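Step one of this worksheet: look at the structure below.
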Amino acid sequence: MKYISTRGEAQAIGFLDAVLVGLAPDGGLFVPREWPSFSPAEIAGFANRPYAEVAASVIGRFAGDAVGADAMAEMCADAYSTFSHASVTPLKQLYPDLWLLELFHGPTLAFKDVAMQLLARLYDHVLQRQRRTITIVCATSGDTGGAAVGAFKGSQNVRLVVLFPHGRISEVQRRFMTTASEANVRTVAVDGTFDDCQTILKNLFQDSVFSRAVDLSGVNSINWARIAAQCVYYFTSAAALGAPQRSMRYCVPTGNFGDAYAAYVAKRLGLPIDEIIVATNSNDIMARALNDGRYARGSVSANMSPAMDIQIASNFERLYFEAVERESTETSRAFKAFAEAGRLDIPPAAQNAMKGLFSAHAVSEDETARTILATLNDTGEVIDPHTAVAVAAARRSGKAGGVPLIALSTAHPAKFPEAVRAMARIEPPVPAVVQAQAKLPERIDRLPADAEAVKAYVRQFAGV
Ligand SMILES: *Cc1c(COP(=O)(O)O)cnc(C)c1O
(Lines give C-alpha, C1' and ligand atoms only; values in the text may rest on other atoms or scores of the structure.)
Protein backbone atom coordinates (compact mmCIF):
# COMPACT_ATOMS: atom_id res chain seq x y z
CA MET A 1 0.00 0.00 0.00
CA LYS A 2 1.49 3.32 -1.12
CA TYR A 3 0.63 6.79 0.15
CA ILE A 4 0.58 9.94 -1.97
CA SER A 5 0.42 13.60 -1.00
CA THR A 6 -2.73 15.67 -1.55
CA ARG A 7 -0.45 18.30 -3.15
CA GLY A 8 1.07 15.89 -5.64
CA GLU A 9 4.70 16.92 -5.33
CA ALA A 10 6.02 14.37 -2.86
CA GLN A 11 7.19 10.88 -3.68
CA ALA A 12 4.77 8.02 -2.93
CA ILE A 13 5.89 6.22 0.24
CA GLY A 14 4.92 3.16 2.26
CA PHE A 15 2.59 2.97 5.27
CA LEU A 16 5.26 3.05 7.98
CA ASP A 17 7.12 5.96 6.40
CA ALA A 18 3.86 7.89 6.07
CA VAL A 19 3.18 7.27 9.77
CA LEU A 20 6.66 8.38 10.88
CA VAL A 21 6.85 11.44 8.63
CA GLY A 22 3.36 12.82 9.34
CA LEU A 23 3.16 15.86 7.05
CA ALA A 24 4.29 15.34 3.43
CA PRO A 25 7.40 17.33 2.40
CA ASP A 26 5.34 19.36 -0.11
CA GLY A 27 3.09 20.57 2.72
CA GLY A 28 0.26 18.19 1.81
CA LEU A 29 -1.25 15.25 3.68
CA PHE A 30 -0.73 11.60 2.87
CA VAL A 31 -3.66 9.52 1.59
CA PRO A 32 -3.72 5.96 0.22
CA ARG A 33 -3.00 5.84 -3.52
CA GLU A 34 -5.93 3.45 -3.94
CA TRP A 35 -8.72 2.80 -1.45
CA PRO A 36 -8.73 -0.71 -0.04
CA SER A 37 -12.19 -2.23 0.40
CA PHE A 38 -14.22 -4.70 2.39
CA SER A 39 -16.93 -6.90 0.87
CA PRO A 40 -20.43 -7.03 2.42
CA ALA A 41 -19.65 -10.54 3.70
CA GLU A 42 -16.48 -9.31 5.41
CA ILE A 43 -18.41 -6.44 7.04
CA ALA A 44 -21.14 -8.83 8.23
CA GLY A 45 -18.39 -10.98 9.70
CA PHE A 46 -17.26 -8.12 11.97
CA ALA A 47 -20.44 -8.41 14.07
CA ASN A 48 -19.74 -9.86 17.52
CA ARG A 49 -16.01 -10.17 16.91
CA PRO A 50 -13.57 -8.81 19.52
CA TYR A 51 -12.67 -5.19 18.82
CA ALA A 52 -8.93 -5.92 18.55
CA GLU A 53 -9.56 -8.47 15.78
CA VAL A 54 -11.62 -6.02 13.72
CA ALA A 55 -8.92 -3.40 14.33
CA ALA A 56 -6.23 -5.75 13.01
CA SER A 57 -8.30 -6.39 9.86
CA VAL A 58 -9.11 -2.76 9.15
CA ILE A 59 -5.72 -1.24 10.02
CA GLY A 60 -3.99 -4.21 8.38
CA ARG A 61 -5.69 -3.29 5.11
CA PHE A 62 -4.02 0.13 5.29
CA ALA A 63 -0.64 -1.28 6.27
CA GLY A 64 -0.61 -3.79 3.43
CA ASP A 65 2.54 -5.91 3.66
CA ALA A 66 4.44 -3.29 5.67
CA VAL A 67 3.42 -5.00 8.93
CA GLY A 68 3.03 -8.77 9.30
CA ALA A 69 -0.46 -10.03 10.19
CA ASP A 70 0.75 -11.58 13.46
CA ALA A 71 2.57 -8.43 14.54
CA MET A 72 -0.51 -6.32 13.72
CA ALA A 73 -2.80 -8.68 15.66
CA GLU A 74 -0.46 -8.56 18.64
CA MET A 75 -0.19 -4.75 18.61
CA CYS A 76 -3.98 -4.35 18.42
CA ALA A 77 -4.60 -6.89 21.18
CA ASP A 78 -2.07 -5.12 23.39
CA ALA A 79 -3.32 -1.59 22.57
CA TYR A 80 -6.98 -2.34 23.28
CA SER A 81 -6.33 -4.38 26.41
CA THR A 82 -5.66 -1.00 28.08
CA PHE A 83 -9.37 -0.12 27.78
CA SER A 84 -11.56 -0.64 30.82
CA HIS A 85 -14.62 -1.86 28.89
CA ALA A 86 -14.63 -5.38 27.44
CA SER A 87 -16.22 -4.13 24.21
CA VAL A 88 -13.60 -1.32 23.98
CA THR A 89 -16.07 1.10 22.29
CA PRO A 90 -19.56 0.05 23.43
CA LEU A 91 -22.84 1.33 21.98
CA LYS A 92 -25.53 2.67 24.28
CA GLN A 93 -29.07 3.41 23.14
CA LEU A 94 -30.21 6.90 24.16
CA TYR A 95 -33.48 7.35 22.26
CA PRO A 96 -35.42 4.93 20.01
CA ASP A 97 -33.45 6.06 16.95
CA LEU A 98 -30.27 7.47 18.53
CA TRP A 99 -27.28 5.59 19.89
CA LEU A 100 -24.13 6.77 21.65
CA LEU A 101 -20.83 5.23 20.63
CA GLU A 102 -18.71 5.50 23.78
CA LEU A 103 -15.10 6.13 22.82
CA PHE A 104 -13.83 7.15 26.26
CA HIS A 105 -12.99 3.90 28.03
CA GLY A 106 -9.24 4.22 27.38
CA PRO A 107 -6.55 5.14 29.91
CA THR A 108 -7.08 8.93 29.65
CA LEU A 109 -10.87 8.90 29.21
CA ALA A 110 -11.05 10.53 25.76
CA PHE A 111 -11.36 9.13 22.26
CA LYS A 112 -7.76 10.09 21.39
CA ASP A 113 -6.66 6.97 23.29
CA VAL A 114 -8.17 4.74 20.59
CA ALA A 115 -5.62 5.90 18.02
CA MET A 116 -2.73 6.85 20.28
CA GLN A 117 -2.48 3.47 22.03
CA LEU A 118 -2.03 1.80 18.66
CA LEU A 119 0.28 4.51 17.31
CA ALA A 120 2.74 4.05 20.20
CA ARG A 121 2.98 0.32 19.47
CA LEU A 122 3.47 0.94 15.76
CA TYR A 123 6.28 3.40 16.53
CA ASP A 124 8.03 0.96 18.85
CA HIS A 125 7.64 -1.81 16.26
CA VAL A 126 9.38 0.22 13.54
CA LEU A 127 11.96 1.98 15.70
CA GLN A 128 13.13 -1.18 17.42
CA ARG A 129 13.83 -2.72 14.03
CA GLN A 130 15.64 0.41 12.90
CA ARG A 131 17.47 0.74 16.27
CA ARG A 132 16.50 4.36 16.30
CA THR A 133 15.35 6.81 18.98
CA ILE A 134 13.20 9.74 17.96
CA THR A 135 11.77 12.82 19.62
CA ILE A 136 8.06 13.48 19.46
CA VAL A 137 6.91 16.99 20.24
CA CYS A 138 3.19 17.52 20.43
CA ALA A 139 1.04 20.58 21.09
CA THR A 140 -2.20 19.96 22.92
CA SER A 141 -5.38 21.82 23.79
CA GLY A 142 -5.99 19.14 26.38
CA ASP A 143 -6.76 15.58 25.32
CA THR A 144 -4.06 14.77 22.75
CA GLY A 145 -1.23 15.41 25.21
CA GLY A 146 -2.71 13.14 27.86
CA ALA A 147 -3.36 10.38 25.35
CA ALA A 148 0.21 10.71 24.01
CA VAL A 149 1.72 10.54 27.50
CA GLY A 150 -0.53 7.58 28.37
CA ALA A 151 0.57 5.75 25.22
CA PHE A 152 4.29 6.62 24.96
CA LYS A 153 5.39 6.74 28.61
CA GLY A 154 8.08 4.15 29.18
CA SER A 155 8.77 3.71 25.45
CA GLN A 156 12.41 2.71 24.80
CA ASN A 157 12.62 4.42 21.43
CA VAL A 158 10.67 7.63 21.88
CA ARG A 159 11.26 10.80 23.87
CA LEU A 160 8.04 12.78 24.26
CA VAL A 161 7.67 16.50 24.89
CA VAL A 162 4.16 17.89 25.31
CA LEU A 163 3.48 21.62 24.99
CA PHE A 164 0.27 22.90 26.54
CA PRO A 165 -1.05 26.43 27.11
CA HIS A 166 -0.44 27.42 30.74
CA GLY A 167 -3.66 27.81 32.72
CA ARG A 168 -5.94 26.98 29.80
CA ILE A 169 -6.70 23.30 30.30
CA SER A 170 -8.69 21.54 32.99
CA GLU A 171 -6.94 20.14 36.07
CA VAL A 172 -7.99 16.60 35.20
CA GLN A 173 -6.58 17.01 31.68
CA ARG A 174 -3.32 18.45 33.04
CA ARG A 175 -2.77 15.69 35.57
CA PHE A 176 -3.07 13.00 32.88
CA MET A 177 0.15 14.49 31.49
CA THR A 178 2.04 15.83 34.45
CA THR A 179 1.79 12.90 36.86
CA ALA A 180 3.71 10.51 34.61
CA SER A 181 7.03 9.73 36.31
CA GLU A 182 8.73 8.04 33.33
CA ALA A 183 12.00 9.64 32.28
CA ASN A 184 11.14 9.68 28.56
CA VAL A 185 8.29 12.16 29.08
CA ARG A 186 8.46 15.94 29.61
CA THR A 187 5.54 18.35 29.93
CA VAL A 188 5.91 22.06 29.25
CA ALA A 189 3.44 24.77 30.22
CA VAL A 190 3.83 27.50 27.61
CA ASP A 191 2.97 31.09 28.49
CA GLY A 192 0.51 31.51 25.62
CA THR A 193 -2.51 30.02 23.87
CA PHE A 194 -2.95 26.68 22.11
CA ASP A 195 -2.43 28.50 18.80
CA ASP A 196 0.95 29.73 20.11
CA CYS A 197 1.88 26.12 20.95
CA GLN A 198 0.91 25.00 17.44
CA THR A 199 2.87 27.84 15.86
CA ILE A 200 5.95 26.86 17.87
CA LEU A 201 5.53 23.24 16.81
CA LYS A 202 5.33 24.24 13.14
CA ASN A 203 8.46 26.31 13.55
CA LEU A 204 10.29 23.29 15.05
CA PHE A 205 9.36 21.14 12.05
CA GLN A 206 10.37 23.83 9.58
CA ASP A 207 13.85 24.11 11.12
CA SER A 208 15.48 21.23 9.28
CA VAL A 209 18.75 21.44 11.22
CA PHE A 210 16.93 21.17 14.53
CA SER A 211 14.47 18.53 13.37
CA ARG A 212 17.27 16.33 12.03
CA ALA A 213 19.37 16.79 15.16
CA VAL A 214 16.65 15.52 17.51
CA ASP A 215 15.02 13.16 14.92
CA LEU A 216 11.72 14.98 15.27
CA SER A 217 8.37 13.30 14.67
CA GLY A 218 4.74 14.23 15.27
CA VAL A 219 1.58 12.49 16.39
CA ASN A 220 -1.00 15.15 15.59
CA SER A 221 -4.37 14.35 14.09
CA ILE A 222 -3.14 14.34 10.49
CA ASN A 223 -1.06 11.20 11.14
CA TRP A 224 -2.46 8.47 8.88
CA ALA A 225 -2.25 5.77 11.55
CA ARG A 226 -4.60 7.82 13.70
CA ILE A 227 -7.13 8.03 10.88
CA ALA A 228 -6.82 4.30 10.20
CA ALA A 229 -7.32 3.43 13.88
CA GLN A 230 -10.35 5.74 14.06
CA CYS A 231 -12.04 3.93 11.16
CA VAL A 232 -12.35 0.78 13.23
CA TYR A 233 -15.17 1.82 15.53
CA TYR A 234 -17.35 2.79 12.57
CA PHE A 235 -17.08 -0.81 11.40
CA THR A 236 -17.72 -2.39 14.81
CA SER A 237 -20.68 -0.14 15.61
CA ALA A 238 -22.30 -0.44 12.18
CA ALA A 239 -21.92 -4.22 12.14
CA ALA A 240 -23.43 -4.42 15.62
CA LEU A 241 -26.55 -2.54 14.42
CA GLY A 242 -27.06 -4.56 11.26
CA ALA A 243 -24.64 -3.37 8.55
CA PRO A 244 -24.19 -4.15 5.73
CA GLN A 245 -27.92 -4.99 5.32
CA ARG A 246 -28.77 -1.75 7.06
CA SER A 247 -27.09 1.61 6.48
CA MET A 248 -26.11 4.01 9.25
CA ARG A 249 -25.89 7.72 9.94
CA TYR A 250 -23.20 9.17 12.19
CA CYS A 251 -22.97 12.43 14.08
CA VAL A 252 -19.39 13.44 14.92
CA PRO A 253 -18.25 16.25 17.26
CA THR A 254 -15.53 17.98 15.29
CA GLY A 255 -12.41 20.06 15.78
CA ASN A 256 -9.57 19.06 13.48
CA PHE A 257 -11.95 16.99 11.34
CA GLY A 258 -9.96 13.78 11.96
CA ASP A 259 -12.77 11.73 13.40
CA ALA A 260 -15.38 12.88 10.85
CA TYR A 261 -12.93 12.25 8.01
CA ALA A 262 -12.37 8.73 9.40
CA ALA A 263 -16.13 8.15 8.93
CA TYR A 264 -15.71 9.20 5.29
CA VAL A 265 -12.81 6.75 4.94
CA ALA A 266 -14.93 3.95 6.44
CA LYS A 267 -17.52 4.66 3.76
CA ARG A 268 -14.86 4.56 1.04
CA LEU A 269 -13.85 1.14 2.40
CA GLY A 270 -17.36 -0.14 1.75
CA LEU A 271 -19.30 0.60 4.95
CA PRO A 272 -22.87 1.70 4.12
CA ILE A 273 -23.04 5.20 5.64
CA ASP A 274 -25.87 7.42 4.38
CA GLU A 275 -24.98 10.61 6.17
CA ILE A 276 -22.19 12.10 8.27
CA ILE A 277 -23.38 14.96 10.45
CA VAL A 278 -20.58 17.28 11.48
CA ALA A 279 -21.20 18.93 14.86
CA THR A 280 -19.16 21.95 15.93
CA ASN A 281 -19.32 24.33 18.87
CA SER A 282 -19.20 28.08 18.17
CA ASN A 283 -15.84 27.53 16.42
CA ASP A 284 -17.81 26.62 13.35
CA ILE A 285 -15.34 26.66 10.46
CA MET A 286 -16.43 23.22 9.26
CA ALA A 287 -20.14 24.01 9.55
CA ARG A 288 -19.64 27.18 7.51
CA ALA A 289 -17.49 25.39 4.93
CA LEU A 290 -20.07 22.67 4.30
CA ASN A 291 -23.14 24.91 4.45
CA ASP A 292 -21.86 28.07 2.73
CA GLY A 293 -19.06 26.76 0.52
CA ARG A 294 -16.44 28.99 2.06
CA TYR A 295 -13.69 27.55 4.27
CA ALA A 296 -12.57 30.58 6.27
CA ARG A 297 -10.65 30.91 9.50
CA GLY A 298 -12.36 32.82 12.29
CA SER A 299 -11.07 33.87 15.68
CA VAL A 300 -11.08 31.09 18.26
CA SER A 301 -13.50 31.42 21.15
CA ALA A 302 -13.32 29.43 24.39
CA ASN A 303 -16.14 26.91 24.96
CA MET A 304 -16.97 24.25 27.51
CA SER A 305 -15.92 21.73 24.82
CA PRO A 306 -12.28 22.92 24.54
CA ALA A 307 -11.02 20.02 22.41
CA MET A 308 -13.09 21.52 19.59
CA ASP A 309 -11.92 25.13 20.01
CA ILE A 310 -10.13 25.05 16.67
CA GLN A 311 -10.52 27.23 13.59
CA ILE A 312 -8.30 25.31 11.19
CA ALA A 313 -9.64 21.81 10.54
CA SER A 314 -6.38 20.23 9.36
CA ASN A 315 -7.85 17.07 7.88
CA PHE A 316 -10.27 19.01 5.67
CA GLU A 317 -7.58 19.10 2.98
CA ARG A 318 -8.03 15.35 2.57
CA LEU A 319 -11.77 15.66 1.95
CA TYR A 320 -11.21 18.56 -0.42
CA PHE A 321 -8.74 16.46 -2.41
CA GLU A 322 -11.41 13.79 -2.91
CA ALA A 323 -14.16 16.33 -3.65
CA VAL A 324 -12.08 17.83 -6.49
CA GLU A 325 -11.55 14.30 -7.79
CA ARG A 326 -7.98 14.04 -6.59
CA GLU A 327 -6.75 17.08 -8.53
CA SER A 328 -3.54 17.70 -6.61
CA THR A 329 -2.72 20.92 -8.47
CA GLU A 330 -6.07 22.41 -7.45
CA THR A 331 -5.72 21.15 -3.86
CA SER A 332 -2.26 22.63 -3.62
CA ARG A 333 -3.42 25.99 -5.01
CA ALA A 334 -6.43 26.11 -2.68
CA PHE A 335 -4.58 25.32 0.55
CA LYS A 336 -1.61 27.55 -0.20
CA ALA A 337 -4.14 30.35 -0.77
CA PHE A 338 -5.85 29.42 2.50
CA ALA A 339 -2.53 29.60 4.37
CA GLU A 340 -2.03 33.11 3.06
CA ALA A 341 -5.51 34.62 3.00
CA GLY A 342 -7.17 32.54 5.72
CA ARG A 343 -10.02 31.52 3.44
CA LEU A 344 -10.83 29.55 0.35
CA ASP A 345 -13.94 29.26 -1.80
CA ILE A 346 -14.95 25.68 -2.48
CA PRO A 347 -15.80 25.10 -6.17
CA PRO A 348 -19.58 24.46 -6.47
CA ALA A 349 -19.14 20.95 -7.89
CA ALA A 350 -16.88 20.02 -4.97
CA GLN A 351 -19.27 21.56 -2.44
CA ASN A 352 -22.11 19.52 -3.95
CA ALA A 353 -20.04 16.36 -3.75
CA MET A 354 -19.43 17.02 -0.04
CA LYS A 355 -23.07 17.85 0.63
CA GLY A 356 -24.11 14.54 -0.88
CA LEU A 357 -22.73 12.87 2.24
CA PHE A 358 -22.10 15.53 4.88
CA SER A 359 -24.37 17.92 6.72
CA ALA A 360 -23.30 20.26 9.50
CA HIS A 361 -24.61 22.06 12.56
CA ALA A 362 -22.95 24.58 14.87
CA VAL A 363 -24.18 24.27 18.45
CA SER A 364 -24.16 27.18 20.92
CA GLU A 365 -23.01 26.97 24.53
CA ASP A 366 -26.60 27.43 25.63
CA GLU A 367 -27.86 24.54 23.51
CA THR A 368 -24.96 22.36 24.71
CA ALA A 369 -25.92 23.08 28.31
CA ARG A 370 -29.61 22.36 27.68
CA THR A 371 -28.67 19.09 25.96
CA ILE A 372 -26.64 17.88 28.94
CA LEU A 373 -29.64 18.53 31.17
CA ALA A 374 -32.26 17.10 28.78
CA THR A 375 -30.23 13.94 28.20
CA LEU A 376 -29.92 13.42 31.94
CA ASN A 377 -33.64 13.97 32.46
CA ASP A 378 -34.72 11.79 29.51
CA THR A 379 -32.28 8.91 29.88
CA GLY A 380 -30.36 9.16 33.16
CA GLU A 381 -27.08 9.45 31.22
CA VAL A 382 -24.51 12.06 32.17
CA ILE A 383 -22.73 13.21 29.00
CA ASP A 384 -19.71 15.46 28.62
CA PRO A 385 -19.91 18.79 26.71
CA HIS A 386 -18.27 17.41 23.51
CA THR A 387 -20.75 14.56 23.40
CA ALA A 388 -23.55 17.04 24.11
CA VAL A 389 -22.59 19.05 21.00
CA ALA A 390 -23.00 15.86 18.96
CA VAL A 391 -26.27 14.87 20.61
CA ALA A 392 -27.68 18.37 20.06
CA ALA A 393 -26.75 18.28 16.36
CA ALA A 394 -28.13 14.75 16.02
CA ARG A 395 -31.46 15.74 17.52
CA ARG A 396 -31.65 18.77 15.27
CA SER A 397 -30.97 16.78 12.13
CA GLY A 398 -34.30 14.96 12.09
CA LYS A 399 -35.21 11.36 11.37
CA ALA A 400 -34.31 9.34 8.31
CA GLY A 401 -36.86 6.54 8.06
CA GLY A 402 -35.46 3.76 10.18
CA VAL A 403 -31.77 4.44 9.53
CA PRO A 404 -30.03 4.31 12.93
CA LEU A 405 -28.18 7.45 13.97
CA ILE A 406 -25.03 7.00 16.03
CA ALA A 407 -23.56 10.00 17.88
CA LEU A 408 -19.94 9.74 18.95
CA SER A 409 -19.30 10.19 22.66
CA THR A 410 -15.72 11.41 22.74
CA ALA A 411 -14.96 12.11 26.41
CA HIS A 412 -15.91 10.81 29.83
CA PRO A 413 -17.93 13.40 31.81
CA ALA A 414 -15.41 13.20 34.66
CA LYS A 415 -12.88 14.89 32.40
CA PHE A 416 -14.97 18.08 32.41
CA PRO A 417 -16.52 18.06 35.90
CA GLU A 418 -16.92 21.86 36.11
CA ALA A 419 -19.19 22.02 33.05
CA VAL A 420 -21.20 18.96 34.03
CA ARG A 421 -21.63 20.23 37.59
CA ALA A 422 -22.81 23.62 36.37
CA MET A 423 -25.23 22.30 33.75
CA ALA A 424 -26.64 19.11 35.15
CA ARG A 425 -26.22 20.16 38.80
CA ILE A 426 -24.83 16.75 39.63
CA GLU A 427 -21.38 15.54 40.52
CA PRO A 428 -20.07 13.32 37.69
CA PRO A 429 -18.77 9.96 38.93
CA VAL A 430 -15.01 10.10 39.44
CA PRO A 431 -13.21 7.11 37.90
CA ALA A 432 -10.45 5.43 39.91
CA VAL A 433 -7.66 6.71 37.59
CA VAL A 434 -8.71 10.29 38.21
CA GLN A 435 -8.83 9.76 41.98
CA ALA A 436 -5.41 8.13 41.94
CA GLN A 437 -3.68 10.85 39.95
CA ALA A 438 -5.16 13.60 42.11
CA LYS A 439 -2.72 12.49 44.83
CA LEU A 440 0.40 12.15 42.66
CA PRO A 441 3.07 14.84 42.38
CA GLU A 442 3.19 16.80 39.10
CA ARG A 443 6.26 17.44 36.94
CA ILE A 444 5.92 20.56 34.80
CA ASP A 445 8.49 22.82 33.16
CA ARG A 446 7.51 26.30 32.13
CA LEU A 447 8.69 28.20 29.06
CA PRO A 448 7.83 31.44 27.26
CA ALA A 449 5.91 31.22 23.97
CA ASP A 450 9.16 31.32 22.03
CA ALA A 451 10.28 28.70 19.51
CA GLU A 452 14.00 29.22 20.24
CA ALA A 453 13.49 28.61 23.96
CA VAL A 454 11.56 25.41 23.19
CA LYS A 455 14.27 24.24 20.77
CA ALA A 456 17.00 24.73 23.37
CA TYR A 457 14.91 22.81 25.89
CA VAL A 458 14.27 19.89 23.52
CA ARG A 459 17.92 19.74 22.46
CA GLN A 460 18.99 19.48 26.06
CA PHE A 461 16.48 16.71 26.71
CA ALA A 462 17.65 14.82 23.60
CA GLY A 463 21.29 15.38 24.54
CA VAL A 464 22.27 16.96 21.20
C1 LIG B 1 -10.08 15.81 19.76
C2 LIG B 1 -11.46 15.77 20.27
C3 LIG B 1 -12.57 16.04 19.45
C4 LIG B 1 -12.42 16.48 18.00
O5 LIG B 1 -11.92 15.48 17.17
P6 LIG B 1 -11.26 15.88 15.75
O7 LIG B 1 -10.76 14.60 15.20
O8 LIG B 1 -10.17 16.86 16.05
O9 LIG B 1 -12.34 16.48 14.91
C10 LIG B 1 -13.83 15.92 20.00
N11 LIG B 1 -14.02 15.58 21.30
C12 LIG B 1 -12.98 15.33 22.12
C13 LIG B 1 -13.26 14.99 23.54
C14 LIG B 1 -11.67 15.40 21.65
O15 LIG B 1 -10.63 15.14 22.49
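Read the numbers this way: they start at 1 and go in the same order the structure lists the ligands and their atoms. In what follows, every heavy atom counts, from backbone to side chain, and hydrogens, waters and symmetry copies are set aside. Everything quoted here is computed from the prediction, not taken from an experiment.
Between the side chains of D143 and Q173, at least one donor-acceptor pair of N or O atoms lies under 3.5 Å. Under the 3.5 Å distance criterion, with hydrogens and angles disregarded, no donor-acceptor pair is assigned to the side chains of R226 and S221.
In this structure, R395 is positioned above the aromatic face of Y95, its NZ or CZ under 6.0 Å from the six-membered ring centre and within 45° of the axis.
Residues Y234 and D259 meet the side-chain proximity criterion, which asks for heavy atoms closer than 4.5 Å. Between R121 and Q117, the closest side-chain pair of non-hydrogen atoms falls below 4.5 Å.
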Note every protein N or O atom lying under 3.5 Å from an N or O atom of ligand 1, pairing the names and giving the distance.
residue	atom	partner	partner atom	Å
ligand 1	7 (O)	G258	N	3.1
ligand 1	7 (O)	D259	N	3.0
ligand 1	8 (O)	N256	N	2.7
ligand 1	9 (O)	G255	N	2.8
ligand 1	9 (O)	N256	N	3.3
ligand 1	9 (O)	F257	N	3.0
ligand 1	11 (N)	T410	OG1	2.8
ligand 1	15 (O)	K112	NZ	2.5
ligand 1	15 (O)	D143	OD2	2.7

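The ring-ring contact (aromatic ring centres under 6.0 Å, His included) pairs that include a residue from residues 283-311 are Y295-F316, Y295-F338, where partners are two or more places apart or lie in different chains.
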